[in-house]
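Each chain gets a letter, A, B and so on, in the order its sequence line appears, and its residues count up from 1. Atom set for the values below is all heavy atoms of this structure, side chains included, hydrogens, waters and symmetry mates excluded. On a predicted model such as this, the values are computed, not experimentally measured, just so you know.
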Amino acid sequence: MRANPEVLILEDDAETLDELQTHFTRKRFHPLGARSASRALSLLENNRYSSRPVLAIIDWDLGKAPDRSASSGDVLSRLARELRECPVIVYSQNIDAFNVRSQIQRSHPRALLHDKRDGDASLLERIDRMLDRTVGDLRIHDGTVVVHLPSLDQHHHREAIRLVVHHPDIVTFHSDTATKAVRRFGEWLHSHNSAVRLVSHGNRKYRLSVTASEGAAQPCDKA
Amino acid sequence: MGVTDAPWMLGVRAPDRGRAILVVTVDGELAVAVHDAVPGGMAIIRDARSEDADEITAACLPWPWMVIGSAVSLTPALASVLCHRPVLTFWLGDVPAGLPGHARCFDRPAALLDAVRGACAAQVGEMRLAPGSGVELDDGTLMRGAMLESLVAAYPHGFALPAQNFRAVSNALTRSHAGWCVQRDETGCVRLVSSQVGAGR
């Protein structure tokens with residue numbers, strides 16, 4: 001049995017939250033949805049030892065949140081400190097304003113930014129681009145497996161998915177168990193003669209590198 | 001809005017060993033521009049103000065790869081790091097007291113951003129910056145070490161620092177047969193030179 005990777009969603013609008021949760025469920029992720037920052041912080045705290053989301057989607061403006069005891073900045077700061085390996089997309093109506101961008105990037109320096117005025121469809125499209133990624137001869141399928149395209153063999157560990165989603169960025173893994181899984185993924189790549197190889201940067205930091213002559217990786221997703 | 005009431009908890013203050021560009025300004029506008037100029041995955045941009053620059057400097061492990069500043073004075077911890085470590089230092093506008101001799105100063109943001117892009121894309125022989133940290137060779141070998149990253153990015157310039165600070169990186173270059181060595185130039189800066197040129201001196 002496989003556990004579907006979690007996605008944290010903080011969105012104060014109930015209808016939009018429902019739409020995002022449905023989208024992720026359809027893609028076989030397990031959505032952790034919250035309409036307020038305090039609820040999102042509780043979800044992170046309660047799932048601290050059992051799960052670590054592979055993606056977080058954060059609405060910066062929480063004017064409709066039922067509880068305003070915490071802010072989206074608090075959630076971003078927690079993610080930056082405790083879940084550094086989790087990619088984060090932050091969206092806002094005012095994403096063009098440099099002071100908003102500065103506030104977001106001070107809360108989470110690695111956050112990817114998205115313009116809410118482009119609509120929900122644009123956000124979903126961007127998320128899909130991140131989660132259905134092809135890196136060299138690897139592809140994420142259904143959010144739960146990494147497929148080696150030439151052989152169609154599958155690797156199921158969530159840390160492998162995390163590395164592919166993050167490419168070309170370095171991922172810092174949080175535990176010995178996670179780093180063992182990553183090394184096994186590296187051996188799996190080697191045994192399949194994959195165009196992608198695992199690069200260790202020490203201190204539990206790893207990234208994927210695509211051999212130049214082999215399949216080209218997608219450009220890095222950057223706001 | 002999403003601003004936190006706990007500025008000491010900001011993610012920008014979290015310690016990290018990745019390559020860091022520390023941008024110290026009054027309002028963060030230049031940090032946003034730097035964020036847009038730096039290729040994805042190359043470095044983390046740490047947007048600081050004078051009041052938290054010392055804490056954020058300390059969170060860049062082992063030290064910031066690059067410091068960019070504008071319209072602020074140097075804080076004590078930042079001044080100390082800039083004077084003792086090989087940190088690429090780019091400054092926009094009026095220059096504060098205490099900047100090291102190797103600092104590069106710019107009148108226009110566009111020129112500064114070009115220099116930032118140039119540092120990220122630096123290539124010295126077979127050596128170039130790997131995404132996130134380290135220096136990558138053409139054969140995929142990863143050489144780790146903040147000193148080497150600084151020397152590669154600064155090339156053909158160098159650092160006005162004592163040569164003995166670079167002994168470890170000099171040994172690493174010799175061991176790896178990279179074809180480059182560390183040498184003091186005629187301006188008094190320590191920089192990378194081709195081993196052939198270095199041997200001829």
Legend entry - B:R17 versus chain A, the contacting section by heavy-atom distance below 4.5 Å: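 Both the backbone and the side chain of B:R17 come within 4.5 Å of chain A.
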Identify the heavy atoms of [X] and [Y] that sit nearest to each other, and give their distance.
X: A:P168; Y: B:G40; answer: CG-O, 4.4 Å
X: A:R197; Y: B:G140; answer: NH2-O, 2.9 Å
X: A:F98; Y: B:D27; answer: CE1-O, 3.4 Å
X: B:G11; Y: A:P109; answer: C-CD, 3.8 Å
X: B:S133; Y: A:I170; answer: N-CD1, 3.6 Å

Counting only heavy atoms not in [X], do more than 12 fall under 6.0 Å of its [atom1]?
X: A:R204; atom1: CZ; answer: yes
X: A:R117; atom1: CZ; answer: yes
X: A:E15; atom1: CD; answer: no

So, do [X] and [Y] sit near enough that their side-chain heavy atoms are less than 4.5 Å apart?
X: A:R110; Y: B:I44; answer: yes
X: B:M42; Y: A:D169; answer: no
X: B:R13; Y: A:R81; answer: yes
X: A:R101; Y: B:D36; answer: yes

Inset, instruction - Name the region of A:D74, side chain, backbone, both or neither, that has any atom closer than 4.5 Å to a heavy atom of chain B. - result: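 Contact with chain B involves both backbone and side-chain atoms of A:D74.
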Legend entry - Portion of A:R68 that has a non-hydrogen atom of chain B nearer than 4.5 angstrom: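 Neither the backbone nor the side chain of A:R68 comes within 4.5 Å of chain B.
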Legend entry - Under-4.0 Å salt bridge between B:D52 and A:R106: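 Looking at A:R106 together with B:D52, the answer is yes, because their closest N to O distance falls below 4.0 Å.
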Inset, instruction - Scan B:H35, B:E29, B:R49 and name whichever one has a side chain to side chain donor-acceptor pair (under 3.5 Å) with A:S102. - result: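 Output: one option passes, namely B:R49.
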Inset, instruction - In sequence, state the C-alpha distance, the side-chain angles, and the governing distance for A:K205 and B:D16, and then conclude on side chain to side chain contact (heavy atoms under 4.5 Å, CB included). - result: CA-CA 11 Å; A:K205 291 175 185 289; B:D16 189 281; 4.0 Å; yes
Inset, instruction - Output the option from A:S209, A:G63, A:G202, A:A37 having the highest count of non-hydrogen pairs under 4.5 Å with chain B. - result: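 Option with the greatest count: A:G202.
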Legend entry - Euclidean distance, A:I104 CD1 relative to B:D47 CG, rounded to 0.5 Å: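 Separation between the atoms: 11.5 Å.
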Legend entry - Reported OG-to-CG distance for the pair A:S77 and B:L10, which is rounded to 0.5 angstrom: 4.5 Å
Inset, instruction - Report the C-alpha distance between B:V12 and A:Q105 in whole Å, list the side-chain angles of each, state the deciding distance to 0.1 Å, and finish with yes or no for side chain to side chain contact (heavy atoms under 4.5 Å, CB included). - result: CA-CA 7 Å; B:V12 74; A:Q105 283 159 6; over 6 Å; no
Legend entry - Short side-chain to backbone donor-acceptor contact, A:H201 and B:G134, under 3.5 Å: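 Here the side-chain-to-backbone pair does not exist.
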